[in-house]
Amino acid sequence: METLSHTITTSASAKPRLPRNDNVHRRLLRFRHGFSSLNLVTLRSQRSSSGFFKVECSQKSSKNCIDFSDPDWKSKFQQDFERRFNIPHITDTFPDAHSFPSTFCLRMRTPVTEDFAEGYPSDEEWHGYINNNDRVLLKVIHYSSPTSAGAECIDPNCTWVEQWVHRAGPREKIYFKPEEVKAAIVTCGGLCPGLNDVIRQIVITLEIYGVKNIVGIPFGYRGFSDKGLAEMPLLRKVVQNIHLSGGSLLGVSRGGPSVSDIVTSMEERGINMLFVLGGNGTHAGANAIHDECRKRKLKVAVVGVPKTIDNDILLMDKTFGFDTAVEEAQRAINSAYIEAHSAYHGIGVVKLMGRSSGFIAMQSSLASGQVDICLIPEVPFNLHGPHGVLRHLKYLIETKGSAVVCVAEGAGQNLVEKTNATDASGNIVLGDIGVRIQQETKKYFKEIGIPADVKYIDPTYMIRACRANASDGILCTVLGQNAVHGAFAGYSGITVGICNTHYVYFPIPEVISHPREVDPNS
């Protein structure tokens, strides 16, 4: 991003850093250091006279502090990491729970070559199952110095510490009999390309296991309490072609009943597998449902599939809908470019999604090759002043004759009026930075006596409603499959994601941003 926004730092003397209490800073801190999400610590690194770094932590969270002078700190860190990333299992609550041979196998499929004319090999000879002890390496780069570009170091010496997470996939033993399963799927939050793809694949995989009772809960968590919303029976023939259109077959909404009411509704309906598609708030809710089920001694598997078009779920390479959003954003950027390039002193402003992260704006800008300034939440900037956006726009108009600005919706919130309002999910309602840039640009060029034709494009809802592209379609398919595999394997309170190109299971608290700050009913 330096090539796109190097001219818009705050000032010559100011350092482009985030406030210590900024949500993005806290998320990056936790992502880089691997500290527990439930006990997020503000760290202060100080170099002592002996050359050591000493880490000081708040007293209430002292159990997560690392004393790098302790020769055993590395092994203690690994033990703590393994404890936090150990995924919950049905046997934690039901030690005597019985397992059964998996019903997900190749024997039910028709041979396609003469080599298997007599049928596929038995399960014992088919090495298609994942061992419960399989792990995937979370970080793959061994940085030699904290000053290396993009370095994510745990200690000042960038010591290599292996961090392993659970590999996703079908297990040889399952903990639910398919004929006794009633599976439910719920989609929460806002729309995102790929929702129908995930729903479709969950249903298809459940049927492969032999499940006959599959339902969809309409309009998010609200569907558990609203008596006017009946659950939707789901079969392969119902979902066969839903991936060809955008939106969600089940509908979406924010907010909903209490966790207790949701679990009571699940008990009354006989639901013992719940697949939750949503973002941070939705996953916080899924984790709370999982905890309530354990508290009530219910044999229920709750599995999340992370849905955020912003691609800002912690620890994961990518979330579904992101690739489609970047691709669709090209249309808006190209339109802004044509408008700006065709006008006398034209300036095109495009606002894209990205509340706390600028992945869509950044990658869309890089892919288009038509953006002059890209503004993202992670990089503070000023509109006015010698290093401000407006001064650079003036330079671009004088040298190029036109300019295109791409801004993430969460960027520059210090420059807009705060609303102090929240939506049904507990998210702060953002000020419209796109409109502010448009207005300030018009005002600035009028004041300096230079004519400027400013066009503003916000394609947010057009992008959200798109069907998934091929890349996201594949991702959604495998995520849906592995969500079902995880549930049948007896795991609960987990979410499935992709890490270093491999599909893995994470305990939900380790991937949601702020478990204590997110409304579990959103």
Side-chain angles (χ1 to χ4, degrees), residues 1-2 4-5 8 16 18-19 22-28 31 189-194 254 278-282 306-333 336 348-368 370-381 383 389 404-416 418-419 422-423 425-438 456-466 472 511-514 518:
M1 285 310 301
E2 291 179 359
L4 291 171
S5 58
I8 53 175
L18 298 174
D22 188 275
N23 284 346
V24 178
H25 172 83
R26 298 177 67 194
R27 294 225 299 251
L28 289 173
F31 175 80
L191 289 179
C192 177
R254 301 184 188 276
N280 271 324
T282 302
K307 177 226 68 175
T308 167
I309 202 169
D310 294 349
N311 196 35
D312 60 356
I313 295 289
L314 294 172
L315 307 177
M316 298 185 185
D317 293 354
K318 185 171 61 174
T319 53
F320 72 84
F322 173 70
D323 278 355
T324 304
V326 172
E327 185 174 310
E328 290 297 320
Q330 302 304 300
R331 303 175 189 272
I333 292 175
V349 180
V350 180
K351 186 182 76 171
L352 298 176
M353 294 81 75
R355 291 184 58 86
S356 300
S357 62
F359 289 110
I360 294 179
M362 180 185 71
Q363 294 206 19
S364 298
S365 297
L366 291 172
S368 72
Q370 298 172 317
V371 173
D372 298 288
I373 300 175
C374 180
L375 306 173
I376 60 177
E378 294 89 336
V379 181
F381 62 91
L383 287 177
V389 173
V404 176
V405 179
C406 180
V407 57
E409 62 179 322
Q413 287 302 299
N414 59 311
L415 304 175
V416 296
K418 289 182 171 55
T419 62
T422 57
D423 61 19
S425 294
N427 299 315
I428 296 174
V429 176
L430 300 176
D432 197 328
I433 184 63
V435 170
R436 179 62 188 276
I437 290 175
Q438 178 194 31
Y456 175 54
I457 299 175
D458 181 356
T460 298
Y461 292 104
M462 296 175 64
I463 293 174
R464 294 189 344 158
C466 288
D472 273 328
V511 297
I512 57 179
S513 295
H514 310 293
V518 178

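Keep in mind that the numbers below use all heavy atoms, side chains included, and drop hydrogens, waters and symmetry copies.
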So, using side-chain contact (heavy atoms from CB on, under 4.5 Å) as the criterion, who are the partners of Leu191 when residues are at least two apart? Leu195, Ser248, Val252, Arg464

Can you give me the closest heavy-atom contact between Val350 and Pro459, atom names plus distance? CG1-CD, 4.3 Å

Applying side chain to side chain donor-acceptor pair (under 3.5 Å), name anything that partners Ser368, two or more places apart in sequence or on another chain. none

Applying side-chain contact (heavy atoms from CB on, under 4.5 Å) to Ala408 and not counting sequence neighbours gives Ala361, Pro377

Separation between OG1 of Thr282 and CZ of Arg254, rounded to the nearest 0.5 Å: 8.0 Å

Quick one: list whatever passes side-chain contact (heavy atoms from CB on, under 4.5 Å) with Asp323, sequence neighbours left out. Lys318, Asn469, Ser471, Asp472

Between the CD atom in Gln330 and the CD atom in Gln363, the distance rounded to the nearest 0.5 Å is 10.0 Å

Quick one: does any side-chain atom of Gln370 pair with a main-chain N or O of Val404 as donor and acceptor, under 3.5 Å? no

Sort out for me which residue in Asn311, Asp310, Asp312 forms a side chain to side chain donor-acceptor pair (under 3.5 Å) with Thr308. Asp312

Distance check, rounded to the nearest 0.5 Å: Met353 atom CE versus Phe359 atom CZ? 14.0 Å

Minimal heavy-atom distance between Ser364 and Val326, with the atoms involved, is OG-CA, 3.6 Å

When Ile437, Ile433, Val349 are each screened for side-chain contact (heavy atoms from CB on, under 4.5 Å) with Leu375, the one that passes is Ile437

Which heavy atom of Pro380 sits nearest to which heavy atom of Glu378, and what is that distance? CD-O, 3.7 Å

What I'd like to find out is whether the side chain of Pro306 reaches to under 4.5 Å of the side chain of Val511, using heavy atoms alone. no

What do the steps show when you test Ile313 against Asn280 for side-chain contact (heavy atoms from CB on, under 4.5 Å), and what is the final call? CA-CA 8 Å; Ile313 295 289; Asn280 271 324; 4.2 Å; yes

Check Cys192 against Phe320 and note the closest heavy-atom contact, atom names and distance. SG-O, 3.4 Å

side-chain contact (heavy atoms from CB on, under 4.5 Å) test vs Leu352 passes for just one of Ile457, Ile309, Ile463, namely Ile463

Which residues share a side chain to side chain donor-acceptor pair (under 3.5 Å) with Glu328, sequence neighbours left out: Arg331

In chain order, what residues pass the side-chain contact (heavy atoms from CB on, under 4.5 Å) check against Asp432, with sequence neighbours excluded? Lys351, Val435, Tyr456

